[in-house]
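Residue numbers begin at 1 in each chain, while the letters A, B, ... track the order of the sequences.
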Amino acid sequence: MTPDQLATAVSGLVADLMAEGVVALGDLPEVRMERPKSRDHGDYATNVALGLSKRSTLPPRELAGIIAGRLAQIPGIATAEVAGPGFVNVRLDSATQGELARTVVAAGDLWGHGTALSGRVVNVEFISANPTGPLHLGHTRWAAVGDAIARVIAAAGATVTTEFYVNDRGVQMDKFGASVMAAANGRPVPDDGYHGGYILDLAAQIVADDPTITSLPDDEQLIAFREAAYAVQLAQQKQVLDLFRTHFDVWYSERSLYESGAVERGLARLREQGHMFEQEGATWLRTTDFGDDKDRVLVKTDGEYTYFAADTAYYVDKRARGFDLAIYLLGADHHGYVNRLRAVAACAGDDMDENIEVLIGQMVKITRGGEEVKLSKRAGTIVTLDDLVEEVGVDAARYTLSRYPADSPLTLDLEEMTKATNDNPVFYVQYAHARIASVLRNAAELGIDWRSEEFDPALLDHERENNLLGMIGEFPRIVAGAAELREPHRVARYLEDLATAYHRFYDVCWVLPRGDEDLAGIHVARLWLCAAARQTIANGLDLLGVSAPDRM
RNA sequence: GCCCUCGUAGCUCAGUCGGAUAGAGCGACCGCCUCCUAAGCGGUAGGCCGUGGGUUCGAUUCCCGCCGAGGGCACCA
């Protein structure tokens, strides 16, 4: 029996109590079956009687008593008891609980996937860096978290597209081009240009590819360098993200917004919704109608579109492409954009609580041996995605960055991350997976085909088996919660707890027959349990884009 | 000045849509491998959950003030 099935049963009981007049009629409260912190409180507990007592003449404990009495009648429930101020603690039969292993094995790779977000068509945009340099550690965090968010909401049933907005237009591009050009010609890079060592490499590569480039007139040369450097840099970003297992469905060029007429279409949409106005020769969007603290300019007095105009067009375009929810993952340095982006959605005639969601990710602070490292392209102290992957590997990097909520500031010590890799939680979780894989491998070598042996779930009655089964049963709810809250770190934290439950089980419960012992029911039952645990860990790691190794 | 995020063990951080005794890893200390992976398990030490009020059966969680940290407030991109 899964926790959800249990909750459904309790909901049914509550509905009965309403029908009988024991509890006042009203909306059916959401019934939550929780895993109590202390195992003394049963396999599952609910506080539904506490919440319901306000609508009844009965005190909480008495109400809980009625609910407990009826729950105990349900097949599969061993005991249901009232505890504390009015909690109902439930214990399942070991057979009922053990049956979960079969459910998990049958579901396979789809175990944990659900329908909490089915029907939603979602665009998840993240990173969206300028193509003017390598991706740094901040981007790396959004790469890990954004990709995990996409995977998790897809697992919850949503149709998901991941997207990278390429800021390939504007003065930053020109500065970038000018910097590379200066470097190629042996001239000093302009003060407001890009100064990283990679500029020299880019210049050298571009000149090597086309030695005639430096003989072009300056104005043509600037464009040539800008475009060549753009192409190389974008390709490099794509390649490193590929290495990082973050694959975007769409790379959306800002320029293309202009070339395709999307900007005009976007503004037309806003105009027809009636939130645009002219003032002092400029065209504005009245974002203050929807909570922004000031109105924003779309078209400057000189007739040029603002960057904001492109932002609005981009949003309108996403909606036109069929997405009913646009999720943006922005760095904390852009949090001032939250209100205006939401206002854009409202100005376009959408529901800013339904169609747009702007998530803010806090910065990553880096220390090396306890001392803060200032990230600066200019000073050449940036830590790039490449660096990180090279030092700690994709699995450790992805896992470490996605096991914290995106909105909490993070401090990582490079020395800790590199030298303490064996203490990294990712290895703890992966190790559990490898250990199980090893047991299953050994079973196969002993000629045991557990799938075709009779599985008696009632044999899984050891405290640690029970605990492991309970943890496995939580997985679908963890996935759904992570998806709804856009918090994939919950999956990582869960996996760490699940791994602990497995290690504790493994420590005490021997799985395979020893020596010349015959194969018995308990061996088969434990192999099913191992298989279920392995599947759950593998599925969870996959949601984080981390591999589940069979050997370590 | 206004707005956002944050303040939990020595360090890095979970937990909080109000619930039963506040957790993990690292660091410190003590135990456990004739047998399925010891990258593991068990135990000890370590906390006025920043602070002062409020809401209620119950607050680390919700509301307000204060203190402290970081970030943002362009006809820039």
Base, sugar-phosphate, or nothing for A:Ser408, non-hydrogen atoms under 4.0 angstrom?
-> sugar-phosphate
Ring-base stacking, A:His41 with B:A20 (5.5 Å, 30° cut-offs) | yes
Within the structure shown, what part of the strands sits under 4.0 Å from A:Asp311 by heavy-atom distance: base, sugar-phosphate, or nothing?
-> nothing
Report which part of the nucleic acid A:Phe308 touches: base, sugar-phosphate, or nothing (heavy-atom distance under 4.0 Å, all strands).
-> nothing
Out of B:G42, B:U37, B:C13, whichever nucleotide has its closest atom nearest the side chain of A:Arg464 | B:G42
Can you check whether any acceptor in the base of B:C41 is under 3.5 Å from a donor in the side chain of A:Arg504, or vice versa?
-> no
A:Arg255 and A:Glu227 ion-paired at < 4.0 Å = yes
Could one point to a donor on the side chain of A:Asn89 or the base of B:A20 with an acceptor on the other under 3.5 Å away?
-> yes
Classify the side chain of A:Tyr337 and the base of B:C3 as holding, or not holding, a donor-acceptor pair under 3.5 Å.
-> no
Just checking A:Tyr404: base, sugar-phosphate only, or nothing, at a heavy-atom cut-off of under 4.0 Å?
-> sugar-phosphate
What is the pairing partner of B:G65, taking Watson-Crick or G-U wobble pairs with both distances under 3.5 Å in any strand?
-> B:U51
Between B:A74 and A:Lys294, is there an OP1 or OP2 to side-chain N/O distance shorter than 4.0 Å?
-> yes
Mind telling me whether A:Tyr328 and A:Tyr314 have parallel, tilted or perpendicular rings, with 30° and 60° as the class edges?
-> perpendicular
Give A:Ala434 one of three labels, base, sugar-phosphate or nothing, depending on what nucleic acid heavy atoms sit under 4.0 Å from its own.
-> base
Pair partner, B:C32 [Watson-Crick or wobble, under 3.5 Å] | B:G40
Touch class at under 4.0 angstrom, heavy-atom based, for A:Ala45 against every strand present = base
If you look at every strand shown and take non-hydrogen atoms under 4.0 Å, does A:Glu34 touch a base, only sugar-phosphate, or nothing?
-> nothing
Kindly indicate whether the side chain of A:His335 and the base of B:G71 share any N or O donor-acceptor pair separated by less than 3.5 Å?
-> yes
Phosphate oxygens OP1/OP2 of B:U16: is one of them under 4.0 Å from a side-chain N or O of A:Arg490?
-> yes
Under 4.0 angstrom, heavy atoms only, what part of the nucleic acid is A:Arg493 near: base, sugar-phosphate, or nothing?
-> sugar-phosphate
Name the nucleic acid region contacted by A:Leu485, choosing base, sugar-phosphate or nothing; use a 4.0 angstrom heavy-atom cut-off, strictly under.
-> nothing
Specify the residue among A:Thr301 and A:Cys509 whose closest nucleotide of RNA chain B lies further upstream toward the 5′ end.
-> A:Cys509
With a non-hydrogen cut-off below 4.0 angstrom, is A:Val171 in contact with a base, only sugar-phosphate, or nothing?
-> sugar-phosphate
